[in-house]
Amino acid sequence: MILKFAHIGNCKLLEAVVAILVFASTEGASPPASGSIFIAAGLTDCRPEATFYPLIKYFVIPITLVGWLIAMGYLPLFV
């Protein structure tokens, strides 16, 4: 496989692409790009801040950590 042998510095190209995709997967839970969360909070009459704190705590931070571990090469990718 061509991607397996391409390198960008110390990071393989495949690891870099996967890490970018993992980082991009958190965009729906990160303000201000999450308009649907504001709409849902308005429909249920709750504060949007009360929704964002758990999303950031349980979704954004762990997924970002997984992306960082992939990018640094600590978390292996099985091809």
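No experiment lies behind these values; they were computed from the predicted model shown.
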Cluster overlap F23 with V60, hydrophobic side-chain contacts below 4.5 Å | no
Any residue meeting side chain to side chain contact (heavy atoms under 4.5 Å, CB included) with V18, in chain and number order, not counting sequence neighbours = L14, V22, I70, L77
Heavy atoms only: give me the nearest A71-A19 pair and the separation to one decimal.
-> CB-CB, 3.8 Å
Partner residues of I61 under the side chain to side chain contact (heavy atoms under 4.5 Å, CB included) criterion, sequence neighbours left out = I56
With sequence neighbours excluded, tell me which residues meet side chain to side chain contact (heavy atoms under 4.5 Å, CB included) with L69.
-> L65, Y74, L75
Give a yes or no on whether F59 and W68 share a hydrophobic cluster (residues Ile, Leu, Val, Met, Phe, Trp, Tyr; joining criterion: side-chain heavy atoms under 4.5 Å apart).
-> yes
Donor-acceptor contacts under 3.5 Å from residues 40-48 side chains, at least two apart:
from: T44; atom 1: OG1; to: A40; atom 2: O; distance (Å): 3.0
from: T44; atom 1: OG1; to: A41; atom 2: O; distance (Å): 3.4
from: R47; atom 1: NE; to: E49; atom 2: OE1; distance (Å): 3.2

To the nearest 0.5 Å, what is the distance between NZ (K57) and OH (Y53)?
-> 12.5 Å
